[in-house]
Structure formats: C-alpha cells, structure tokens
Amino acid sequence: MARRYDTNDATDRATGLREAASAVRRGELVVLPTDTVYGVGADAFSSEAVTDLLLAKGRGRGMPTPVLIGSPNTLHGLVTDFSEQAWELVDAFWPGALTLVARHQPSLQWDLGDTHGTVAVRMPLHPVAIELLTEVGPMAVSSANLSGHPAPEDCDAAQEMLGDSISVYLDGGPTPGIVPSSIVDVTGKVPVLLRAGALDAEELRKVVPDLEVAS
C-alpha cells in the first residue's frame with residue numbers, strides 16, 4: 001500500500017522525506033514535486049528500479065529517464081567533456097527548468113535506457129526535491145504520468161495514474177509551473193536547443209550566444 005505525506009506540514013514532511021529516502025535505497029519508486037510537474041523517481045544506479053519506473057509509466061527504453069541532482073557539484077562525478085559553455089548554463093539557470101544532455105562518465109554502472117553514452121541531467125528548483133536528492137544522491141526521474149497522459153500538476157493526479165506501483169507519495173500541493181524544462185544538448189562544440197520549454201532560445205543566448213536550435 002502506497003504511503004502519502006503532506007510536505008507542507010513540518011512533521012509530515014520530515015517523516016515523508018525519511019520514508020521516501022528509505023524507499024529509494026530499497027530500490028522502490030517515489031513520487032515527488034518539482035518546479036515543473038510531479039515526477040516519479042528511483043535510484044539512478046539501480047537498473048531494476050529504473051526498469052520498474054519505465055514499466056510503471058508504460059514507457060519503453062527508447063525514451064531514457066532523465067537524472068535529477070541536488071547540487072551542481074554532483075556533475076563532476078557524472079559527466080565528462082563538459083564544456084565551459086555548459087558550466088555557464090549551469091551557473092545561469094540552475095537550479096531551474098533547464099535540462100542538459102551531456103556525455104556521462106563511461107565508468108558509471110547505470111542503465112537509464114538507450115542513452116548512447118549520454119545523460120539528461122537537471123537540478124530542480126524545488127526545496128522538497130532538493131532535500132530528497134541531497135539525501136539519496138542522483139535519481140532517475142520522469143514525469144509521474146502514464147505514457148500518453150498529461151503530466152500531473154498535483155499529487156492526486158499522479159496517484160490516480162500510478163497507484164500502488166509507488167511506495168511513497170510526497171504531496172507538495174500544486175506545482176509552481178506546468179511548462180516543461182528546456183533541453184539543451186552540450187555534447188558537441190556548440191550547444192543545441194532540443195526543446196524549448198521554460199527557457200526560450202533568446203533567453204539562453206544571453207549566456208551562450210552561439211546556441212543553435214535543432215530543426
């Protein structure tokens with residue numbers, strides 16, 4: 001039976017974060033609020049947990065799961081060939097609604113789907129998410145919806161879709177925004193905007209003027 005905690009209540013929040021962290025360490029799934037929509041998360045280094053996440057959503061390996069982190073410093077252990085422009089984007093927009101696609105360290109033992117050596121990584125601007133990520137480390141997190149359904153803006157919608165496939169629901173109330181994060185590929189010499197979301201090309205070019213937009 002899934003457990004649900006109101007993170008706007010101090011006591012419930014402390015208990016919920018403790019239970020969520022324990023669940024993640026056991027390889028179970030949790031739902032958490034972010035600065036865009038609710039996400040379903042698992043230990044990024046547990047291939048079984050990530051597989052369970054994809055199954056819960058009805059999603060295939062061809063759409064790999066992004067990774068959320070609690071601090072930019074975590075990037076040093078996750079990515080390689082991270083350009084100066086990529087760091088400038090991190091400095092300007094993290095925490096926030098910017099996902100960066102980078103080459104991951106070849107030594108990492110994880111399986112996020114068919115990533116072809118890359119990882120989509122983001123630091124969300126949400127205190128509950130950051131607190132959980134700081135406690136457990138990098139998490140594979142995708143929007144907490146069944147594939148093909150709208151991404152949930154509140155915990156009720158997430159629980160209605162995912163039910164008891166989730167161990168712990170952290171209810172932070174309606175999310176601050178429903179616009180998805182922008183996605184920028186920083187694996188090449190020039191950053192490429194793959195998806196315009198909360199940040200458009202004009203805003204991003206204030207930091208990286210040579211940003212290209214994928215056709």
Side-chain angles (χ1 to χ4, degrees), residues 1-59 61 63-79 94-95 99 104-105 108-113 115 119-147 151-152 154-155 157-159 161-173 175 181:
M1 173 88 53
R3 290 156 289 161
R4 179 166 165 171
Y5 299 91
D6 178 4
T7 61
N8 292 311
D9 175 88
T11 302
D12 229 25
R13 174 177 173 142
T15 303
L17 282 165
R18 184 174 63 250
E19 290 296 317
S22 296
V24 171
R25 294 188 182 104
R26 290 194 301 270
E28 297 168 5
L29 305 182
V30 302
V31 160
L32 64 154
T34 77
D35 49 343
T36 54
V37 296
Y38 272 77
V40 53
D43 179 357
F45 298 101
S46 169
S47 57
E48 294 87 356
V50 175
T51 296
D52 288 344
L53 188 158
L54 294 173
L55 287 172
K57 284 176 59 71
R59 182 170 173 171
R61 289 176 52 83
M63 297 180 68
T65 307
V67 169
L68 295 189
I69 59 176
S71 166
N73 290 332
T74 306
L75 282 172
H76 293 291
L78 298 183
V79 301
W94 279 16
T99 297
H104 70 69
Q105 294 279 2
L108 289 178
Q109 298 297 310
W110 62 10
D111 183 6
L112 302 169
T115 65
V119 59
V121 63
R122 183 168 89 87
M123 179 182 176
L125 182 58
H126 196 290
V128 173
I130 289 177
E131 194 166 342
L132 180 59
L133 292 162
T134 301
E135 178 66 26
V136 302
M139 289 179 62
V141 179
S142 182
S143 55
N145 59 295
L146 294 174
S147 188
D154 57 48
C155 199
Q159 191 163 10
M161 284 186 277
L162 300 179
D164 286 340
S165 63
I166 307 301
S167 291
V168 175
Y169 287 87
L170 297 177
D171 182 1
T175 55
S181 66

All side-chain contact (heavy atoms from CB on, under 4.5 Å) counterparts of [X], not counting sequence neighbours:
X      : result
Asn8   : Asp6
Ser143 : Val37, Lys57, Asn145, Ala151
Arg4   : Cys155, Asp156, Gln159, Tyr169, Asp171
Ser165 : Ala56, Leu162

[X] and [Y]: which non-hydrogen atoms are nearest, and at how many Å?
X      : Y      : result
Val79  : Gln105 : O-NE2, 2.9 Å
Ala44  : Val50  : O-CG2, 4.2 Å
Thr7   : Gly172 : OG1-CA, 3.2 Å
Leu53  : Ser142 : CD2-CB, 4.1 Å
Tyr38  : Gly173 : OH-O, 2.6 Å
Met123 : Ser71  : SD-CA, 3.9 Å

For this session: Quickly, which of Ile130, Val141, Leu78, Thr134 forms a side chain to side chain contact (heavy atoms under 4.5 Å, CB included) with Ile69? Name it, please.
Result: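 That would be Leu78; it is the only one of Ile130, Val141, Leu78, Thr134 passing the side chain to side chain contact (heavy atoms under 4.5 Å, CB included) with Ile69.
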For this session: Please identify each residue that fulfils ring-ring contact (aromatic ring centres under 6.0 Å, His included) with Trp110, with sequence neighbours left out.
Result: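 Checked Trp110 against ring-ring contact (aromatic ring centres under 6.0 Å, His included); matches are Phe45, His104.
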Problem set entry | All ring-ring contact (aromatic ring centres under 6.0 Å, His included) counterparts of His126, not counting sequence neighbours |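 Per chain and number, His126 pairs via ring-ring contact (aromatic ring centres under 6.0 Å, His included) with no residue.
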Exercise. Mind checking whether Val30 and Leu170 have side chains closer than 4.5 Å, heavy atoms only?
Worked result: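 Not in contact.
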Exercise. Do the non-hydrogen side-chain atoms of Thr74 and Leu133 ever get within less than 4.5 Å of each other?
Worked result: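 Result no, sub-4.5 Å side-chain heavy-atom pair not found.
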Exercise. Could you give the distance from CG (Leu29) to CG (Leu32), rounded to the nearest 0.5 Å?
Worked result: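 Here the rounded value is 11.5 Å.
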Problem set entry | Distance (rounded to the nearest 0.5 Å) between Ser46 OG and Met139 CE |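 The OG atom of Ser46 sits 11.0 Å away from the CE atom of Met139.
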Exercise. Sequence neighbours excluded, which residues qualify as salt bridge (charged side-chain N to carboxylate O under 4.0 Å, His left out) partners of Arg13?
Worked result: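 Testing Arg13 for salt bridge (charged side-chain N to carboxylate O under 4.0 Å, His left out), a comparison that skips the adjacent residues, returns Glu131.
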Problem set entry | Counterpart residues, salt bridge (charged side-chain N to carboxylate O under 4.0 Å, His left out), relative to Asp111 (two or more places apart) |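 Asp111: salt bridge (charged side-chain N to carboxylate O under 4.0 Å, His left out) contacts with Arg61.
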Exercise. Just by distance, do the side chain of Asp43 and the backbone of Val24 share a donor-acceptor pair under 3.5 Å?
Worked result: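 No, Asp43 side chain to Val24 backbone: no donor-acceptor pair under 3.5 Å.
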Problem set entry | Under 3.5 Å: donor-acceptor pair, side chain of Thr15, backbone of Asp12 |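 No; judged by distance alone, with no hydrogens or angles, the pair does not exist.
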Exercise. Applying ring pair (Phe, Tyr, Trp, His ring centres under 6.0 Å), which residue pairs with at least one partner in residues 5-33 are found, sequence neighbours left out?
Worked result: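 Found none.
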Exercise. Taking only residues two or more places apart in sequence or in another chain, which ones pass side-chain hydrogen bond (donor to acceptor under 3.5 Å, both in side chains) with Thr99?
Worked result: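 Once residues adjacent in sequence are excluded, the partners of Thr99 under the side-chain hydrogen bond (donor to acceptor under 3.5 Å, both in side chains) criterion are Ser181.
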Problem set entry | side chain to side chain donor-acceptor pair (under 3.5 Å) contacts touching residues 24-35 (sequence neighbours left out) |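 Residue pairs passing side chain to side chain donor-acceptor pair (under 3.5 Å), neighbours aside: Arg25-Glu135, Arg26-Glu28, Glu28-Ser167, Thr34-Thr36, Asp35-Arg122.
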